[in-house]
Asks: 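Shown below is the structure under consideration.
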Protein chains: 2
Amino acid sequence: MQKKGSATIYDVANRVGVSLATVSRVVNGNSNVRDSTKRKVLDAIEELGYHPNAVARGLASKKTTTIGVVMPDMTDMYYSELARGIDDVANMYHYDVLLTNTDEDPVRETMAINNLASKQVDGIIFMGNELDREVLNKITSADAPVVLAGSVDAEGRLPSVNINYVDAVDEAVTMMIKNGHERVALVTGPMSHAINKLHRLEGYKSALEKANIPYDESLLFVAHQDYDAGLKIAEKILDSSANAVVAYDDEVALGIMNYMIDQGKNIPEDFEIITANNTKFAIVTRPQLTSIRQPKYDIGAVSMRMLTKLMNNEMIDETQVQLPHTIERRGTTIN
Amino acid sequence: MQKKGSATIYDVANRVGVSLATVSRVVNGNSNVRDSTKRKVLDAIEELGYHPNAVARGLASKKTTTIGVVMPDMTDMYYSELARGIDDVANMYHYDVLLTNTDEDPVRETMAINNLASKQVDGIIFMGNELDREVLNKITSADAPVVLAGSVDAEGRLPSVNINYVDAVDEAVTMMIKNGHERVALVTGPMSHAINKLHRLEGYKSALEKANIPYDESLLFVAHQDYDAGLKIAEKILDSSANAVVAYDDEVALGIMNYMIDQGKNIPEDFEIITANNTKFAIVTRPQLTSIRQPKYDIGAVSMRMLTKLMNNEMIDETQVQLPHTIERRGTTIN
DNA sequence: AATAGCGTTGTAAGCGTTTGCAATTAGTTA
DNA sequence: TAACTAATTGCAAACGCTTACAACGCTATT
């Protein structure tokens, strides 16, 4: 019954008159220990207020029951919802989450991975669009398994969970075309990111092609993912004479919408918008935004579930998971 | 030059022909090491790709350079912005962040605290409105220092960082009164939370008192912090014949606003709204929401800074910090 | 040239667990 | 009841690092 530093396994063993090993066994719910002794140990634990020291445990067992989550920005609703899915499943499997924001800076991403490795995390979930070559090397050489959530690996080597971005954009653009638009603008992030260049843009082109509409580069816009960027790009979109847009981020879409409204446009009659993340932003505005619906929470949850399997060396049927998406029709499109 | 489990400090020592202690010293930037040996050690570290094992370090030094952050919900923009401030400052001081969502469930809050304690975190930042008695005991008995961020401790014992909620609400209500409203509704969270009962409500009453307006309980509304709750409560607010409202949460405020608009009200001419968190939600809508402006990021950052001092046993001038707030006038109020 | 003193390095005892292996005890079977 | 198997326990060596404390070699002093 000491004051500081709380009791250790040693104290418990002493109290009961058994060995460390026995206490360790009951603490870990381990098999072979007689009921009567188990009870005695449990009592002593209770009385002493013993709590196992996870650090010591980690050293001895080489497992920390901690995973690392590397994400661009937790205040971005898209990512925070992914992370929430991750966290819930992690807790379910008794893992703790070490969180790092990187703002998609490759330097910080690399530092984060290194740091997590030195903290001996059992696994890592990585989010972010850009996957720098150096980061990727770090990741693959880390002893801990890694899964990409809502991110693509250009070379398709790492386990990942996302939606089919090509199809999603294709469907959105096709819907706009069906609604009678020949000039549909596409707003994405920088082309240096595989997800934009290889997925979103491809989906866009594919939709045009199917409709026999020639690809017009002047309808392609690049914007950062925030409201002001949307406001800014909107002007150019208007100049391009596009009267429909598919945007990759809700805040950007909102910026565009509000700009259009300020210019006297009626939404959706004069100008149609489809956004892509379906966050709360899409719902709280008037009109509400038609959006590609990604199962964000589920992407996180499934990634985490996959990671638990990886950490247990369980067999995994498919490491490149694509979850279903739909288009949620709301007020910024006619149909 | 081994394959697995990467090099240990022992390998480095062997390579150079010095003792563990010496390697440890250079790794920790410790004082007394001759330059020449330091260089040799550094080279060996480089060649072997040695990275210190933080778990072992934690066991030996009893410091994990990890802090715990306990929060209601990371997808709630208010909290995620606080957390971002925490995370940035934590990184600045080389701490990692172990994140836990509790949904304000006292059971989960208690579990989180226990768990963090067993993981030997060096400190904890706690967010959330309700501070259950049991949780509080856990917290105060934990060996790690704790600071409350954006939360109040009814008994004012724990270090905390927030704004003056009483004044903030007082000012908002006073502003509404000056705008000519006699019947100003207040929407808060459950009265079981000190922040609502002891702070927001008091601010509300104080404003009424100064204006010689009797307190009318039928103008007090309780709602969960989400958009639908706002939509729902709005109907009752309309029935109460209030024509101005001060709400404690942006999503709720948005729900109220949209409902009013649907009922044909003109905002702000027919109905005025002031919200309290000034998240992005307040900006992306039309009209934009007038809001109490809390320095959310700073609350997080300052909490974390305070925690670093506490962890270093540095003297702290004031453990109950109140950061300044203002009212950001936008489109849902006349002035 | 002997001594004190300082900067540098090594020794070894932890830190609190886990875990393979050996030892002990209990339970069966003949 | 002896012999044998299975169930319980204890032993002690890791795990990778930090940190008193001791020891060493030098230079500076007298």
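Letters A, B, ... are given to chains in the order of the sequence lines, protein chains preceding strands, and every chain is numbered from 1. Just so you know, these numbers use all the heavy atoms, side chains as well, and skip hydrogens, waters and symmetry mates.
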Asks: Only counting residues at least two apart or in another chain, list the ones meeting side-chain hydrogen bond (donor to acceptor under 3.5 Å, both in side chains) with A/Thr37.
Replies: none

Asks: Residues two or more places apart in sequence or in another chain: which of them pass side chain to side chain contact (heavy atoms under 4.5 Å, CB included) with B/Lys63?
Replies: B/Ser61, B/Asp122

Asks: In whole angstrom, give the distance that lies between atom CG of A/Asp11 and atom C1' of C/dC15.
Replies: 14 Å

Asks: Would you say the side-chain atoms of B/Arg57 and B/Asn28 include a donor-acceptor pair closer than 3.5 Å?
Replies: yes

Asks: Does B/Val18 reach a base, just sugar-phosphate, or nothing at all? Heavy atoms under 4.0 Å.
Replies: sugar-phosphate

Asks: Rounded to whole Å, how long is the line connecting atom CZ of A/Arg34 with atom C1' of C/dT24?
Replies: 11 Å

Asks: What bend angle does the helix from C/dA1-D/dT30 to C/dA30-D/dT1 show across its length, from five-pair end axes and to the nearest 10 degrees?
Replies: 40°

Asks: To the nearest Å, how far apart are A/Lys119 NZ and D/dC15 P?
Replies: 22 Å

Asks: Partners of B/Asp87 by side-chain hydrogen bond (donor to acceptor under 3.5 Å, both in side chains), sequence neighbours excluded?
Replies: A/Asn101

Asks: Counting distance only, does the side-chain N/O of B/Asp298 pair as donor-acceptor with the main-chain N or O of B/Ala301 below 3.5 Å?
Replies: no

Asks: Tell me whether the OP1 or OP2 atom of C/dG16 has a side-chain N or O from B/Lys62 closer than 4.0 Å.
Replies: yes

Asks: Show me the donor-acceptor pairs within less than 3.5 Å that the side chains of residues 65-78 of chain B make with the rest of the protein, sequence neighbours left out.
Replies:
from: B/Thr65; atom 1: OG1; to: A/Lys119; atom 2: NZ; distance (Å): 3.1
from: B/Thr66; atom 1: OG1; to: A/Lys119; atom 2: NZ; distance (Å): 2.6
from: B/Thr66; atom 1: OG1; to: B/Thr64; atom 2: O; distance (Å): 3.0
from: B/Asp73; atom 1: OD1; to: A/Arg84; atom 2: NE; distance (Å): 3.0
from: B/Asp73; atom 1: OD1; to: B/Thr75; atom 2: N; distance (Å): 3.0
from: B/Asp73; atom 1: OD1; to: B/Thr75; atom 2: OG1; distance (Å): 3.1
from: B/Asp73; atom 1: OD2; to: B/Thr75; atom 2: OG1; distance (Å): 2.9
from: B/Asp76; atom 1: OD1; to: B/Tyr78; atom 2: N; distance (Å): 2.8
from: B/Tyr78; atom 1: OH; to: B/Gln294; atom 2: OE1; distance (Å): 3.1

Asks: Taking atom P of C/dT8 as reference, at what distance in whole Å does atom CZ of B/Arg39 sit?
Replies: 14 Å

Asks: Which residues pass the side-chain hydrogen bond (donor to acceptor under 3.5 Å, both in side chains) test with A/Tyr297, sequence neighbours left out?
Replies: A/Asp88

Asks: Atom pairs, N/O to N/O, protein against nucleotides 17-21 of chain C, distance under 3.5 Å?
Replies:
from: C/dT17; atom 1: OP1; to: A/Tyr50; atom 2: OH; distance (Å): 2.9
from: C/dT17; atom 1: OP1; to: A/Asn53; atom 2: N; distance (Å): 3.1
from: C/dT17; atom 1: OP2; to: A/Ile9; atom 2: N; distance (Å): 2.5
from: C/dT17; atom 1: O5'; to: A/Tyr50; atom 2: OH; distance (Å): 3.2
from: C/dT18; atom 1: OP1; to: A/Asn28; atom 2: OD1; distance (Å): 3.3
from: C/dT18; atom 1: OP1; to: A/Asn28; atom 2: ND2; distance (Å): 3.0
from: C/dT18; atom 1: OP1; to: A/Arg57; atom 2: NH1; distance (Å): 3.3
from: C/dT18; atom 1: OP2; to: A/Ser24; atom 2: OG; distance (Å): 2.3
from: C/dT18; atom 1: OP2; to: A/Asn28; atom 2: ND2; distance (Å): 3.3

Asks: Does the side chain of A/Thr37 get closer than 4.0 angstrom to OP1 or OP2 of D/dT9 through an N or O atom?
Replies: yes

Asks: Can you tell me which residue pairs pass the salt bridge (charged side-chain N to carboxylate O under 4.0 Å, His left out) test with a partner in residues 302-323 of chain A, sequence neighbours excluded?
Replies: none

Asks: Could I get the full list of side-chain hydrogen bond (donor to acceptor under 3.5 Å, both in side chains) partners for A/Tyr10, not counting sequence neighbours?
Replies: none

Asks: How many Å lie between CG on A/Asp35 and C1' on D/dT9, as a whole number?
Replies: 15 Å

